[in-house]
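Encoded as structure tokens, the structure appears first; notes follow it.
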Amino acid sequence: MFTDETLSSVGVESLWRKSQQLAQESRSCQTRTLHSTDAEVQTVSTATSGTQTEPQDHITEEQLQLRLNQDPEPPGLKDFLRRVEDTVITELVKNAKSHAFDGFQVNWEEPSLLVSCLHGLQHPGAQENGLHVSSVSWSCTGSVIACAYGRIDDGDWSTERSYVCTWNLDRRGLNPKQPDLVLDVPTTVTALSFHPVRPSLIAGGLYSGEVVVWDTSRTQDPVMAQTGLSADSHREPVYQVDWVPLQKRGELGVLSASSGGRVLLWTLDPDQGGLVLSAGYALVHQQVPHSSSAHVKVRGSSKVGITSLALSPWDSDTFLVGSEGGLLLKCSFSSQTPAAVPPEGQSVTLRAPAVFCFKPRGSPVHSVHCSPFHRNLFLSVGTDGLAHLHSLLQPNPLLSLRVSDSYVFEVRWSPTRPLVFAAATGQGVVQIFDLGRRSHRPAATIDQGSAEQAATCLAFNSRNPHLLAVGNTDGTVNIWHLSADLTEQRPRETVQLEQIANEVAE
């Protein structure tokens, strides 16, 4: 029978693993010791150079005289020089003391055009309705130009719709016929002014007497504040709006002037969406101070119809007013004299601001502007075609310049040249004058191509003084580039302006 049997185990050694172990070897190698050495070397540079002129022959005095005798001087030259010597020396001394050529700089470059047109901006809708450009204003950044549309001739101003348009001249792909922003306004816009610090705010005056502040950053409802029609608001067209500092530091209010003789100061109330009247002034003929040279005959209404206003950049209490009757008045914000007008339910007491009357022009004053370089000088223009240079210290003008045979609608001092100003005329040209010239003729004339279209308004760009915006009755705004001759201040220019200011008017 079969039985179980346990046998011893049998092991078979792996020859493959043993062969792999035998194949592995460890070896090492060592190179010889490497030796390194740092060494420096410095060269000495020497150079020797020399030059030798050709030897000069020694010339004796006799030889020199002999050469002079061989080449005699022209006959009569010595006598002529002796004869004119005293006269020439006298004239040279005069030239050394003369200031005739002070400030003259030689220009060796090719003469360039004084002005050139960069853009002709227009809004097709305004042109189709025959609207005129009534006001232009640059933003505080100097890149955006805003224009208001209205009318300067007869027409139904009260019901005709209008526009405020803006163009950013720094934007790529600028389309002159397509404004970047168009604000629809229910009535004619008569005045416009950008905020001096916030580039999105624009203040406007309307023919209806309202004052509006637009915020161009608000796409849905750009009207930030407005006066509405109340007892405090104007009842006649607003011809001037400006931003003025308020008593609270850092805040600005809107100053508006109308043909009804009122100057009103408004503060912004963004929460209520309105403008709140904080101060008011009324001009009436009975309270206008008259000097011996400023005799005025009062006809019709006692109100002084304001057509222009200018703020003094030197004195925050002073402003100037021009009227449709030719009056030119210096006024004070701090006046406490009550105005001689019947109460009409205003929330503030109206005061009489006039403190001095200049010699009347005898025709409407369209524009007044104070010099940014002298505290006492200002310009005024009107329908007589003259530009008058005034001093705040004298009733009569210091100088009168013939600008045009037609109306002059606006005048502005250059922001960089103390002696230069520009005037927009009813003949469609812009005249630029330089008071530093001996001749009183324009230093440059901008002919806009059509004598039938008047130039109604203009504005220098304070950030980019080479740019001048001009609005016209054909609905276009031309942007002109001014050369360095018209924008760069010259030596002694402020001295010359001071001399003009010190002159006594005839």
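Values reported hereafter were calculated over all heavy atoms of this structure, with side chains retained and with hydrogens, waters and symmetry mates removed.
- Between Val241 and Ser256, the shortest heavy-atom distance links the atoms CG1-CB, 4.1 Å.
- Residues Leu277 and Ala279 share a closest heavy-atom pair of CD1-O, 3.3 Å.
- Side-chain contact check for Ser230 and Asp232: no donor-acceptor pair (N or O, by modelled atom type) lies under 3.5 Å.
- Between Glu410 and His366, the closest side-chain pair of non-hydrogen atoms is not below 4.5 Å.
- Residues Leu275 and Leu268 form a side-chain contact, since some pair of their non-hydrogen atoms from C-beta on lies under 4.5 Å apart.
- Residues Asp180 and Thr166 have side chains that never bring a donor and an acceptor to within less than 3.5 angstrom of each other.
- Put simply, the side chain of Arg417 gets close to the backbone of Asp485: a donor and an acceptor are under 3.5 Å apart.
- Looking at Pro196 and Cys140, their side chains never come closer than 4.5 Å, going by heavy atoms from C-beta outward.
- When all heavy atoms of Val189 and Ser134 are compared, the closest pair comes out as O-OG, 2.6 Å.
- With values rounded to the nearest 0.5 angstrom, Leu482 atom CG is found 8.5 Å from His466 atom NE2.
- In terms of heavy-atom proximity, Leu264 sits nearest to Gly280 at CD2-CA, 3.8 Å.
- For Phe373, the CZ atom sits in a packed shell: over 12 heavy atoms of surrounding residues, nucleotides or ligands are nearer than 6.0 Å.
- Side-chain contact between Arg402 and Leu386: present, with at least one pair of heavy atoms (C-beta onward) separated by less than 4.5 Å.
- Counting only heavy atoms from C-beta outward, the side chains of Leu169 and Trp138 approach each other to under 4.5 Å.
- Between the CG atom of Leu393 and the CZ atom of Phe356 there is a distance of 8.5 Å, given to the nearest 0.5 Å.
- In terms of heavy-atom proximity, Arg463 sits nearest to Gly142 at CB-CA, 3.9 Å.
- Side-chain N or O atoms of Ser404 include none that pairs as donor or acceptor with a backbone N or O of Val408 at under 3.5 Å.
- A donor-acceptor pair under 3.5 Å links the side-chain atoms of Tyr149 to the main chain of Gly475, judged by distance alone.
- Using a 4.5 Å cut-off on side-chain heavy atoms (C-beta onward), Arg161 and Asp184 make contact.
- Between the side chains of His388 and Ser400, a donor-acceptor pair is found at a separation under 3.5 Å.
- Side-chain N/O atoms of Asn376 and Ser391 include no donor and acceptor closer than 3.5 Å.
- A parallel orientation is assigned to the rings of Phe433 and Phe421, their planes being inclined by less than 30° (bins at 30° and 60°).
- The 12-atom threshold is exceeded at CZ of Arg235, counting heavy atoms of other residues, nucleotides or ligands nearer than 6.0 Å.
- The closest side-chain donor-acceptor pair between Thr141 and Ser139 falls under 3.5 angstrom.
- Residue-environment remark: CZ (Arg218) exceeds the threshold of 12 foreign heavy atoms within 6.0 Å.
- A distance of 6.5 Å separates OH in Tyr207 from OH in Tyr239, rounded to the nearest 0.5 Å.
- Checking Thr227 against Glu210 by side-chain atom types alone, no donor-acceptor pair falls below 3.5 Å.
- Listed for the Asp317 side chain is a donor-acceptor partner under 3.5 Å among the backbone atoms of Ser334.
- Without hydrogens or angle criteria, Gln287 side chain to Ala352 main chain gives no donor-acceptor distance under 3.5 Å.
- Under a 3.5 Å cut-off, the side chain of Thr267 and the backbone N or O of Val276 do form a donor-acceptor pair.
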Problem set entry | side chain to side chain contact (heavy atoms under 4.5 Å, CB included) assessment of Ile500 paired with Leu419 | CA-CA 10 Å; Ile500 295 174; Leu419 295 172; 4.1 Å; yes
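- Contact check for Val381 versus Thr425: no side-chain heavy atoms found under the 4.5 Å cut-off.
- Side-chain atoms of Thr456 come within 3.5 Å of backbone atoms of Gly471 as a donor-acceptor pair (strictly under, hydrogens ignored).
- Proximity of a side-chain donor or acceptor of Ser137 to a complementary backbone N or O of Leu192 within less than 3.5 Å is not detected.
- Rounded to the nearest 0.5 angstrom, Leu131 CG and Ser162 OG are separated by 5.5 Å.
- Note that the NE2 atom of His390 and the CG atom of Leu399 stand 10.0 Å from one another [nearest 0.5 Å].
- For the atom pair CH2 of Trp413 and CG of Leu379, the computed distance is 4.0 Å after rounding to the nearest 0.5 Å.
- By the 4.5 Å heavy-atom criterion applied to side chains, Leu392 and Phe378 are counted as neighbours.
- Closest approach of Ser208 and Leu229 over heavy atoms only: O-CD2, 4.0 Å.
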